[in-house]
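Chain naming here is simple, since letters A, B, ... match the order of the sequence lines and numbering starts at 1 in each.
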Amino acid sequence: MLSAATVHIATPAFDWHAFAPDLVLVATMVVVLVADLLLPDRESWRTSSIAAVGLLGALVPIATLVHSGHDRNLFNGAYVVDHYALALKAFFIIATYITVLLSVDYIREGDYYKGEFYFLLLVSTFGMSIMASSRDLISLFVALETISIPTFVLATFRKHDRASNEAGVKYYLIGVLSSALMLYGMSLIYGVTGATKLSDIAAYMSQHGTVPLVAVAMFLSLVGFAFKVSAVPFHFWAPDTYEGAPTPVTAFLSVASKAGGFVALINIVYFGFFLPNGRAADSWWPVLWVLAALSMTLGNLVALRQTNIVRMLAYSSVAQGGFMLVPFAAAGIAGADGHPGKAAAAMSAVVIYLLIYGAMNLGAFAVVIAVARRTRSAEISSYDGLWEIAPGLAVVMGIFLASLAGVPFFAGWFAKFVMFRAIIDAGTGWAIALGIIAAVNSVIAFFYYARPIRAMIFHAPTTEDRTPIVIPQPLFAAIALTVSVVVVVGIYPQVFARVGELAF
Amino acid sequence: MSALAYPDHITATYYLVLAAILFTIGAVGLLVRKNTLVMFMCIELMLNAANLTFVSFANALNDISGQVIVFFTLVVAAAEVAVGLAIIVAIFRRRQSVNADDVDLLKG
C-alpha cells in the first residue's frame, strides 16, 4: 500500500513574518563577519556601523508585528511571538544598540579585533531575541547558551590584559557550572512531567501540584538561574568580571545579559510552573524569596564600602537584581495563596523594572566610560570636582545615580513603585516581610549612590587641567538617549506602564 | 540460564542513580580541584550526567524529545569547551600556569 508516491509529508507552515526580527539579526551577523574579513584593517571600524544599522533594521519587523496585533504560535506553541516577547525583543535590541554606541570609540582606540567584537555582540543579542519567544525547555536552554557563550569571549576580549583574562575565566567557570545545574534540573523536570514544552509542563503541574522531585528539580534550575542573574549567594563572580572586562562589555553584561537571565526565569516559572492556576507556585517562591532578600541586603551592604565605581555599580546591580526578584516572590505567594490573577501584574512589574533598569544602568556606564577617557581610572576619587571640570557629565551622572536610588521624578522611582505595588497586592505576611526588607534596602542604597555625587560637587578637583572632556559623538548619543528615557519615564510613567500591561 | 548471567531486571532507576552519582562527582570535583583543565572535565561530567538522565527518562517514558535534547546539549558543550580552552590558552600565555588559585588579581 505504502509506496513512495502515496507518502505525503506535510510541510509545517512557516511564519516568516514572526521570525523576521531574528532573521534580520542573523543576516547582520553574517554581513559583519564577512565585512570584517574583506575590509582593510584601517577600515574595519565600519563593521560597527553595519551592526548598528542591522540592529535598527531589526526593529522594523518588530513594529510591523506589533501593528498586526495578534499573537503567533509557532511549532505547536514552542515558539511564541506575542506582545510580551516583542516588548523584550525591542528592549534587547535597543540595549545592544546603545552598547554598540558605547563601544565604537573604545574598541577603535584599543588595539583590538574590531569586527569580531560586534559579531559576538550580535550573536548574544540573537540568543536574547530567541529567549523572549522560547516556550520549550530545549529552546530555552539553547537560547541561554547562545546568550552566554559569546559573552565569555567578550569578557576576555583584551586578551593581553591579565585582569581581562581573569574576568573571563571566572565568568566562564561559573557560567558553565550554572548551565550544568540548570540542565540537570531540566532533565528531572522532564522525567516527572514527561514534556519539554512549557505549556504541557504547566498542564501537568496544575493537575498534580508539586511533588518532591519537582521541588528538587526547580531548586537546581533556580540555582542555575541565580548564577546567571548574579543573585546572592551566587554573585561572587560578578564584581570581578565587571571590573576586569572592557567597560562597554560590563555595561552589556549588567543589562542585556542579566535581563536575558530574568526573561528565562519568567518563562520557566510563569509559563511553566504558574499558569493556569498557580498551584505549582510553592515549588519556587520560597527559593526566590530568599534569593531576593539576600541579594538586596548583601549587594547594598558591600556596595557601601567600594572605592571603585565599576565595582560599586556591580554590587548595585546585584542589589537591583534582588529588587527585580521581589515581584517574582510576590507573584508566587499570590498564586500559592489562591489568587493567580494577581500574578500577571507582578510579572509586568518585573518587565517594567527591567526596561527602566536597562536605561539607567547603561547611562551610568556611558558616563563612566566618558570620564575614564580622560582620567584612565574608575576610582570614585577620580570623580572629585567633576562639577567644575565637566558640569554636563556631572549632571547626567547625578541623574542616573538618583534614578538608580529611586528618587522621585526619575524613572527609577516608578520601577520601585511597581515593585512595592506587587508586594501590597500579594498582601500576605511573607510578602509584607519581603516588602519591609526592600524598603530598608532602598534607604541604604541612597548612601552609596550619593557618594559619587558628593565627590563630584563638594570635593576639589585633583588636577589643575581644566580643558573640557571630549565626548565622541556615539557616546554622546548613548548618554542623550538614556538620559531622555530616564527623565521622560520619570515624569510620564504611563509610557512603560502601558508596555507592561500589554505584555501580560 | 540463571538470572545472574542474564540481568533483564535493570530498570531506569539504575541509570538515574548512576547519573546522580556522576553529577555529584563532577560537582564535588569542580569545588575541590584547582587545575582549570580538571575543572573543565568535571563540568563535562555534570553535563553528561544530565544527558544520561534525559536519555533514561526518554526510554522509560517512551518519548523522543528527551533523546533530541541530548544532541543540543552535545553541541552546546562542544562550543563551551572550545571557548573555555581558548581562554585557558590566553591565561597560560600570560602566567605559565593553569592553576585557579593563581588567578587572583581582582578581589574585594
Asks: Chain B: which of A/V176, A/L137, A/L188 shares the most heavy-atom pairs with it under 4.5 Å?
Replies: A/V176
Asks: Donor-acceptor pairs under 3.5 Å, side chain of residues 40-61 of chain B to any protein atom, not counting sequence neighbours: which ones?
Replies:
from  : atom 1 : to    : atom 2 : distance (Å)
B/N48 : OD1    : B/N51 : ND2    : 3.3
B/N48 : ND2    : B/E44 : O      : 3.2
B/N51 : OD1    : B/T73 : OG1    : 3.4
B/T53 : OG1    : B/A49 : O      : 2.7
B/S56 : OG     : B/L52 : O      : 2.7
B/S56 : OG     : B/T53 : O      : 3.3

Asks: With a 4.5 angstrom heavy-atom cut-off, could you sort out which part of A/F141 is near chain B: side chain, backbone, both or neither?
Replies: side chain
Asks: Just so I understand: if I count every heavy-atom pair under 4.5 Å between each of B/A82, B/A90, B/G66, B/A79 and chain A, which residue has the most?
Replies: B/G66
Asks: Tell me whether B/Y15 at atom OH has more than 12 heavy atoms from other residues, nucleotides or ligands lying less than 6.0 Å away.
Replies: no
Asks: Given side chains that start at C-beta, do those of A/Y190 and B/I69 come closer than 4.5 Å, heavy atoms only?
Replies: no
Asks: Look at the side chain of A/Y172 and the backbone N and O of B/E80, then say whether any donor-acceptor pair between them is shorter than 3.5 Å.
Replies: yes
Asks: Output the distance between atom CG (A/L177) and atom CG (B/L31), rounded to the nearest 0.5 Å.
Replies: 7.5 Å
Asks: More than 12 heavy atoms of other residues, nucleotides or ligands under 6.0 Å from CG of B/N35: is that the case?
Replies: yes
Asks: Please confirm whether the backbone N or O of A/D161 pairs with a side-chain atom of B/R94, one donor and one acceptor, at under 3.5 Å?
Replies: no
Asks: For chain B, which candidate among A/V153, A/V192, A/L173, A/V142 shows the most heavy-atom pairs at distances under 4.5 Å?
Replies: A/L173
Asks: Under the ring-ring contact (aromatic ring centres under 6.0 Å, His included) definition, can you give me all pairs with a residue in residues 58-88 of chain B, not counting sequence neighbours?
Replies: none
Asks: Atom CD1 of B/I91 and atom CD of A/E166: how far apart are they, to the nearest 0.5 Å?
Replies: 7.5 Å
Asks: Side chain, backbone, both or neither: which part of B/A20 has a non-hydrogen atom closer than 4.5 Å to chain A?
Replies: both
